Amino acid sequence: MRSVALVSAGADGEGLAGLVGDGVDVVGAPEVVAREVAQLDATGQVRFVTWSFESVAPWLLRAGVRVSRAWDLAEVHRILHGGWAAAPSRVWAGAAGLDPDDAPTAPSGDLFDFVGGPEPEAGGDDPVLPDGHLRGDASSPAWLEHPEHLRAWARAALTCAARQLSLAERSGPRAVATAISESATAVLAAELAHDGLPIDRVEALRIIVLASGPRPESDAHAARLRAARDEVVLRLLPGGYRADLRNPAAVKGMLETVGVRLESTRKWELEAHRDEHPVIPALLAWRADERIATTYGHRWLEEHVGPDDRLRGAWTVCDGAAGRMTAQHGLHNLPAVLRTAVAAEPGHVIVRADLGQIEPRVLAVVAGDEAFADATRADDLYAPVAARLGVERSVAKVAVLAAMYGQRSGAAGEALRGLERAYPVSMSFLDRAYDAGRRAEPVRTFGGRLVRTDYRTDTVPVGTNPSFDSARGRFARNAVIQGSAAELFKAWASTVRATTRDLDAQIVLCLHDELLVHVPQEHAQETVGRLLEALTASSRRWSGSDRVRFVADVKVVRRWSEAKD
């Protein structure tokens with residue numbers, strides 16, 4: 001596989017772009033470079049090295065070019081070194097074994113900026129300073145507009161990639177596979193942001209109006225609509241009682257007037273008391289409507305759903321912690337009621353695939369627990385666990401989730417003791433992660449991502465506050481599972497992307513463990529088959545065996561809401 005650096009002076013595509021390495025040397029207008037990228041990609045023998053794929057994606061996707069393979073230096077840095085910060089200077093320093101805090105900073109445009117390194121006209125064509133760091137302005141459009149500077153920047157990217165590969169190989173073969181998968185997901189994330197999620201605008205508007213009323217014509221009109229929504233709840237209170245429904249303390253006081261005392265006003269606690277007074281189900285419905293009105297209302301529809309009826313927002317490959325994908329503008333937390341508005345375009349369907357019980361199945365892999373792996377052979381993992389524990393399925397589920405999420409009290413604590421006896425290998429693995437987190441030591445996911453747990457140790461040192469130590473421990477215990485599950489999901493998603501391109505299939509949403517694929521109707525069943533084949537292949541590649549079984553619920557629908565039973 002050839003490695004060729006793909007760089008540009010600016011992500012917007014208004015400056016120079018370059019394609020350099022392994023006998024390739026093309027520097028020029030982005031549209032010229034894009035054509036060369038397409039030709040090289042068609043050979044199936046090139047991996048494109050970028051400082052970050054988002055730095056080249058806009059102009060590349062505008063030209064209709066979608067690359068097959070990439071090495072994203074920023075994403076690989078996040079795997080190897082943890083955290084979110086991945087500016088080129090930090091990426092270079094991390095790969096070179098230098099202190100990233102010593103790297104010169106990029107110019108901010110301030111009058112008093114001082115950037116280390118020689119001036120270009122004084123022979124400063126090398127982006128690397130004598131101390132080994134990148135010069136501060138090496139990634140700036142002004143510096144990169146010089147063709148030789150862009151070539152040197154591309155060569156630096158290739159050097160950095162080689163160093164990262166060496167570091168990953170020393171971490172183990174899984175780290176290399178994770179680096180490749182995360183880089184592929186960086187390409188997918190750019191495409192998700194570019195393509196968007198198909199929305200039935202008429203249906204979305206119907207839901208918004210039903211929840212929040214017509215579009216406010218003025219601030220006064222908005223206030224009247226808000227008061228009308230509140231009145232649906234307040235009219236159920238005795239004696240004309242008034243309360244600010246947006247103030248949790250006021251809501252608690254309001255509920256006390258009807259004899260309902262709660263520790264908090266969280267949804268799950270309200271749900272547990274919904275039959276005690278009519279005001280509680282009304283309050284829950286009000287909250288759902290209020291969320292639409294304030295976050296997913298008329299403005300959201302106008303600002304984020306384009307003229308082509310696609311909802312768009314920026315996507316990130318990892319959250320800077322355990323490595324889950326994130327997205328903006330509601331793509332990752334769309335209210336359930338709006339799922340009816342996520343609809344296939346004419347002649348198309350949505351193939352929805354949802355990984356089943358992914359985190360406990362991942363636990364069986366990362367802990368190397370043969371007994372727990374046996375349970376994963378069942379479609380419903382909790383059934384054999386329940387049989388082994390001699391408890392109801394619901395109790396077994398509580399026990400497994402409590403083990404991963406750190407709940408120890410009540411029924412969860414009692415169930416956990418049985419789980420510790422039945423599956424000591426998995427429980428010991430989780431306990432070790434918890435202990436490392438309590439000590440603020442980093443942990444690594446199955447795929448090799450470094451997850452830091454030393455947050456706030458500057459103000460709350462280890463051992464000075466037991467609740468903080470416990471919080472760090474719980475985070476670490478969950479991160480080694482959640483982060484590993486995220487790696488498997490992204491390996492699966494990137495495999496689906498690669499194996500369904502010839503069907504004109506388009507992944508339009510990645511939601512933790514759920515994929516939505518927009519595909520021509522005539523290719524629906526073939527897409528279903530390839531999704532399942534991709535899961536088998538990617539899970540075997542990720543885990544190193546087929547000892548643990550992973551399952552997915554796959555449905556062909558026209559609206560996202562139809563996928564839920």
Side-chain angles (χ1 to χ4, degrees), residues 192-193 195-237 242-248 250-251 254 265-267 270-271 274 277-314 327-350 352 508-509 511 514 516 518 555 557-565:
L192 285 164
D195 297 338
L197 179 69
I199 296 292
D200 179 344
R201 187 183 296 270
V202 173
E203 176 66 6
L205 185 59
R206 183 192 69 81
I207 295 166
I208 291 168
V209 170
L210 187 64
S212 63
R215 197 188 195 294
E217 298 172 359
S218 64
D219 289 345
H221 187 201
R224 291 195 298 273
L225 292 170
R226 188 164 54 247
R229 291 196 301 274
D230 295 358
E231 189 58 30
V232 174
V233 177
L234 297 176
R235 71 189 179 194
L236 299 173
L237 300 171
R242 314 305 292 175
D244 181 359
L245 300 181
R246 295 159 189 83
N247 183 325
V251 171
M254 176 189 79
T265 59
R266 293 185 177 93
K267 181 180 178 181
L270 287 170
E271 287 282 4
R274 69 159 43 243
H277 194 279
V279 76
I280 295 181
L283 180 62
L284 288 165
W286 173 89
R287 283 190 169 180
D289 288 347
E290 185 71 1
R291 188 179 180 212
I292 296 291
T294 58
T295 308
Y296 299 96
H298 296 278
R299 178 175 293 181
W300 168 82
L301 187 64
E302 293 168 359
E303 292 182 355
H304 303 307
V305 178
D308 59 351
D309 293 337
R310 291 286 180 120
L311 169 62
R312 291 182 174 82
Q328 295 178 344
H329 302 158
L331 285 160
H332 256 197
N333 47 16
L334 202 67
V337 68
L338 277 169
R339 291 188 176 193
T340 62
V342 178
E345 295 171 351
H348 291 71
V349 293
I350 291 173
R352 175 264 199 177
V508 292
L509 188 68
L511 186 62
E514 187 173 3
L516 296 188
H518 192 248
K555 288 185 172 69
V557 296
R558 295 198 176 276
R559 296 182 184 273
W560 187 11
S561 56
E562 297 169 3
K564 294 295 183 182
D565 294 328

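All values below were derived from every heavy atom in this structure, side-chain atoms included, with hydrogens, water molecules and symmetry-related copies excluded. Nothing here was measured: the structure is a model prediction, and the numbers come from that model.
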In short, D200 meets A343 closest at the heavy-atom pair CB-CB, 4.1 Å
Does H221 reach the main-chain N or O of D219 with its side chain, forming a donor-acceptor pair under 3.5 Å?
-> no
Indicate yes or no for a side-chain donor-acceptor contact from R235 to the backbone of D230 under 3.5 Å, with no hydrogens or angles considered.
-> no
State, yes or no, whether a side-chain contact exists between V508 and I350 at a heavy-atom distance under 4.5 Å.
-> no
Find the distance between CH2 (W300) and CD1 (I292) and round it off to the nearest 0.5 Å.
-> 7.5 Å
Would you indicate whether R266, at its atom CZ, is surrounded by more than 12 heavy atoms from other residues, nucleotides or ligands within a distance under 6.0 Å?
-> no
A314 and A193 have their tightest heavy-atom pair at CA-CB, 4.4 Å
Can we say R299 and E302 salt-bridge, meaning some charged N sits less than 4.0 Å from an Asp/Glu carboxylate O?
-> no
Could you please spell out the steps behind the side chain to side chain contact (heavy atoms under 4.5 Å, CB included) verdict for R291 and N333?
-> CA-CA 11 Å; R291 188 179 180 212; N333 47 16; 3.6 Å; yes
Any side-chain heavy atom of L205 within less than 4.5 Å of one from H298?
-> yes
Look only at the side chain of R352 and the backbone of R559, and say whether a donor-acceptor pair between them is shorter than 3.5 Å.
-> no
Are any side-chain N or O atoms of R274 and backbone N or O atoms of L284, one a donor and one an acceptor, separated by less than 3.5 Å?
-> no
CG of L234 to CG of L283: how many Å apart, nearest 0.5 Å?
-> 9.5 Å
Please assess T265 against R287 for the test side chain to side chain donor-acceptor pair (under 3.5 Å), listing each intermediate value before the final yes or no.
-> CA-CA 11 Å; T265 59; R287 283 190 169 180; 3.2 Å; yes
Determine whether V342 and I199 make a side-chain contact, defined as any pair of heavy atoms from C-beta on separated by less than 4.5 Å.
-> yes
Starting at CZ of R229, measure out to CG of L245 and round the result to the nearest 0.5 Å.
-> 10.5 Å
Where is the tightest heavy-atom contact between L301 and A204, given as atom of each residue plus distance?
-> CD1-CB, 4.0 Å
Is the shortest side-chain N to carboxylate O distance from K555 to E562 below 4.0 Å?
-> no
With rounding to the nearest 0.5 Å, note down the distance linking CD1 in I280 to CE in M254.
-> 8.5 Å
Is it true that a side-chain atom of H329 and a backbone atom of R312 form a donor plus acceptor pair closer than 3.5 Å?
-> yes
Salt-bridge criterion met for R310 and E345 (N-O under 4.0 Å) = yes
Is there a side chain to side chain contact (heavy atoms under 4.5 Å, CB included) between V232 and W286 once you walk through the steps?
-> CA-CA 8 Å; V232 174; W286 173 89; over 6 Å; no
Return yes if some donor-acceptor pair links the side-chain N/O of H518 with the main-chain N/O of L509 below 3.5 Å, else return no.
-> no
Say you draw a straight line from CG of L511 to CG of L331; how long is it, rounded to the nearest 0.5 Å?
-> 9.5 Å
P214 side chain reached by L225 side chain, heavy atoms, under 4.5 Å = yes
Once you round to the nearest 0.5 Å, how far does CD of E231 lie from CG of L236?
-> 9.0 Å
State, to 0.1 Å, how close R201 and G306 come at their nearest heavy-atom pair, and which atoms those are.
-> NH2-O, 2.6 Å
Do R206 and T340 meet the criterion of a side-chain donor-acceptor pair at a distance under 3.5 Å?
-> no
